[in-house]
Visitor: 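Mind having a look at this structure? Questions to follow.
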Amino acid sequence: YQYVLVTALYMLEPWERTIFNSLLITVAAMAVYTCYVFM
Amino acid sequence: NHHASCTLLYKKPFVESFEETPLLVAVLTYIGYGILTIFGYLRDFLRDWKFEKCHLAREREEQKDFVPLYQDFENFYTRNLYMRIRDNWNRPICSIPGAKMDLVERVTPDYNWTFEHTGNVLKDVINMGSYNYLGFAENTGTCADAASECTVKYGVGVSSTRQEIGNLDKHEELEKLVARFLGVESSMAFGMGFATNSMNIPALTGKGCLILSDELNHASLVLGARLSGSTIRVFKHNNMQSLEKLLRDAIVHGQPRTHRPWKKILVLVEGIYSMEGSIVRLPEVIALKKKYKAYLYLDEAHSIGALGPRGRGVVDYFGLDPSDVDIMMGTFTKSFGAAGGYIGGKKELIDYLCLHSHSAVHATSMSPPITQQIITSMKCIMGEDGTTLGEFRILSENTTYFRRRLHEMGFIIYGNNDSPVVPLMLYMPAKIGAFGREMLKRNIGTVVVGFPATPIIESRARFCVSAAHTREMLDKALNAISEVGDLLQLKYSRKNR
Amino acid sequence: MNSRGIWLAYLLLTTALHVVLLSIPFLSVPVVWTLTNVIHNLAMYLFLHTVKGTPFETPDQGKARLLTHWEQMDYGVQFTASRKFLTISPIDTCEHKTCYFYTKYDTAHFVVNTGSLLSVLLPKLPQFHGVR
């Protein structure tokens with residue numbers, strides 16, 4: 001609930017939240033992968 | 001920052017606090033607005049390419065070549081931010097806006113673009129949003145009876161102006177009573193609070209005059225100052241150093257280019273700032289106006305009836321002499337359960353306004369039942385109705401209690417300890433909508449305010465305490481606020497509790 | 001642009017943009033830096049120098065409607081703290097980090113970065129205030 005409030009996703013419609021969350025997960029996955037490769 | 005002034009000018013401590021926004025909260029607020037803006041652009045793109053139905057008013061295809069009727073970008077916030085949480089505003093009520101009220105329940109099938117009434121009524125919602133400082137918003141009691149008698153006798157509307165046949169004995173009676181209530185020589189009543197400012201300031205100043213206005217003044221003062229054609233300079237909110245600097249510059253340098261002295265210098269301040277919850281530093285303002293020979297226009301829209309041991313407003317609160325204020329303005333909306341406004345001052349000033357004020361010449365005069373409502377409620381406050389009801393309508397006790405409890409809970413509260421307007425800081429845009437909704441679930445009606453009506457990182461909920469609130473109601477509201485505060489993590493204050 | 005924390009939020013968002021680009025496995029470091037610089041300057045150009053008016057209604061009878069955000073800042077007063085900060089930050093991002101260092105002085109990157117930098121520097125000059 002805090003995550004949704006702080007990122008203002010609370011005000012978005014479900015499909016917009018899905019877009020935002022999938023983007024965020026993609027970026028996070030890429031970051032983890034790149035860190036792994038880099039390390 | 002915590003202002004506590006105990007100089008000689010003040011007879012009691014003047015304590016005002018505006019705790020700074022925590023830096024992390026400020027950064028997260030910007031990020032939240034950034035995300036909403038990006039999705040706003042995405043939605044606009046989908047609407048432009050017809051992927052999504054546009055609910056807003058737009059020109060038809062045939063009108064595309066004409067000058068655009070709707071400034072597209074100017075409604076960006078309305079379309080993409082306000083719409084998403086607008087169920088918190090303009091809620092229809094079906095009772096008097098008293099200490100408790102009944103709300104019409106409504107639902108939306110399309111994320112607030114349209115609403116439907118379910119037919120249900122939310123009963124006995126505790127009203128923490130309305131301006132009802134002394135609890136005169138009632139449909140029973142002496143005020144209501146007197147107003148209904150007056151309706152039968154005079155009718156509802158007066159279809160003429162004060163300068164023609166719209167000048168009733170009721171108006172004369174009201175103006176004499178207001179003059180006595182304020183402790184000034186004479187007064188004049190107007191049918192609309194906003195117009196009292198915007199139509200009379202142009203009658204008082206004009207070209208070659210200077211208006212020094214507080215930066216957070218109400219829109220009616222801003223409009224009146226602009227309509228007058230005077231030169232306007234803005235000083236920081238309630239900041240006497242900033243005001244004195246502007247006064248000094250005005251006296252020393254005079255008018256721009258010609259350096260002629262200003263014909264008049266008018267200082268515009270409000271008694272209580274209804275968005276900040278702050279009280280004007282009137283003793284210092286009066287000291288400055290005397291020192292620099294300026295005129296003082298005091299807008300007591302919120303403070304009349306709500307401040308002072310006798311309810312005479314901010315002059316009474318500081319124990320000052322009403323004749324030190326050149327123009328006393330106020331409204332009957334917030335403390336008298338009525339509508340309209342008044343201007344009080346010297347007899348020659350009022351006579352001049354009777355001849356030159358736009359409202360006196362063009363506007364239809366105040367409706368008689370409303371006049372009667374004001375007369376009855378004002379007599380009740382003055383104790384001239386033969387009862388002690390007016391004395392029992394104590395607001396300051398509720399205010400002090402309500403503010404103290406919120407401070408103890410750890411919320412950031414703005415403003416003066418004695419101000420009945422209590423802004424509770426929310427900061428993030430999503431928490432504005434969430435707070436209003438969660439409080440309504442707990443049967444409390446609140447007002448929430450966000451950007452652009454407030455600075456972008458100072459969104460807030462604004463509580464208006466009333467003398468009609470009982471201690472049980474306040475405790476119920478405070479418990480609900482504390483519960484929602486924990487749920488939404490709103491207890492940001494770093495001050496000792 | 002003067003309110004508390006907005007400069008910090010701006011730097012964090014720029015850094016976040018860079019980290020996101022850096023996380024894309026098939027982009028090399030020079031390309032990432034140039035992309036950071038170009039996207040940052042593009043966004044800055046769009047929001048500060050292209051969009052005119054205000055996204056909400058203002059009580060100034062439409063005076064701000066024809067001004068860009070940069071021209072509306074601080075009521076048009078030049079050389080304020082915010083203006084200095086927003087002028088220096090693209091220079092700092094571009095010159096000291098990307099063109100001279102991370103892109104190994106490659107000419108193509110240099111041209112792209114410098115062109116992008118100029119696109120956000122020129123509109124900030126006081127001589128271009130109100131110029132269309």
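Just so it is clear, the model here is predicted, and its values are computed rather than measured. Residue numbering restarts at 1 for every chain, and letters A, B, ... go by the order of the sequence lines. Side chains are part of it too, since the values below use all heavy atoms of this structure and drop only hydrogens, waters and symmetry mates.
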Visitor: Which atoms of B/Leu426 come close to chain A, meaning under 4.5 Å heavy atom to heavy atom: side chain ones, backbone ones, both, or neither?
Guide: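 Neither; nothing under 4.5 Å.
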
Visitor: Closest heavy-atom contact between B/Ala434 and A/Tyr1?
Guide: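 Where B/Ala434 meets A/Tyr1 most closely, the heavy atoms are CB-OH, 4.0 Å.
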
Visitor: Please indicate whether A/Trp15 has more than 12 foreign heavy atoms, meaning atoms of other residues, nucleotides or ligands, lying under 6.0 Å from its CH2.
Guide: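 Correct, the count exceeds 12.
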
Visitor: How long is the straight-line distance from CG of A/Leu23 back to CD1 of B/Ile38, given to the nearest 0.5 Å?
Guide: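 Those atoms lie 10.0 Å apart.
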
Visitor: Are B/Arg43 and A/Glu13 close enough that some pair of their side-chain heavy atoms sits under 4.5 Å apart?
Guide: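 Yes - at least one pair of side-chain heavy atoms lies under 4.5 Å apart.
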
Visitor: Which bit of B/Ile432 comes within less than 4.5 Å of chain A, counting heavy atoms only: side chain, backbone, both or neither?
Guide: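 No part of it gets close to chain A.
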
Visitor: If you look at every heavy atom in A/Ala8 and B/Ala430, which pair is closest and at what distance?
Guide: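 Result for this residue pair: CA-CB, 3.7 Å.
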
Visitor: Out of B/Ile31, B/Leu81, B/Leu488, B/Thr29, which one racks up the most heavy-atom pairs below 4.5 Å with chain A?
Guide: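 Top count of heavy-atom pairs under 4.5 Å with chain A: B/Leu488.
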
Visitor: How long is the straight-line distance from CG of A/Leu12 back to CD1 of B/Ile35, given to the nearest 0.5 Å?
Guide: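 B/Ile35 CD1 to A/Leu12 CG: 8.0 Å, rounded to 0.5 Å.
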
Visitor: Do A/Tyr10 and B/Arg437 have side-chain heavy atoms sitting under 4.5 Å apart?
Guide: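 Of all side-chain heavy-atom pairs linking B/Arg437 with A/Tyr10, at least one is under 4.5 Å.
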
Visitor: Can you confirm whether more than 12 heavy atoms, excluding those of A/Phe38, are under 6.0 Å from its CZ atom?
Guide: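 No, the 6.0 Å shell around CZ holds no more than 12 heavy atoms from other groups.
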
Visitor: Name the region of A/Glu16, side chain, backbone, both or neither, that has any atom closer than 4.5 Å to a heavy atom of chain B.
Guide: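 Both backbone and side chain.
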
Visitor: Is it the case that atom OH in A/Tyr33 sees more than 12 heavy atoms from other parts of the structure closer than 6.0 Å?
Guide: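 Atom OH in A/Tyr33 is not packed in, count stays at 12 or less.
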
Visitor: Testing A/Val6, A/Thr7, A/Leu5 one by one against B/Met428 for a side-chain contact (heavy atoms from CB on, under 4.5 Å), which residue passes?
Guide: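 For B/Met428, the side-chain contact (heavy atoms from CB on, under 4.5 Å) test succeeds with only one of A/Val6, A/Thr7, A/Leu5, which is A/Val6.
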
Visitor: Minimum heavy-atom separation for B/Arg84 and A/Met11, please, with both atom names.
Guide: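 Taking B/Arg84 first and A/Met11 second, the nearest heavy atoms are CD-O, 3.1 Å.
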
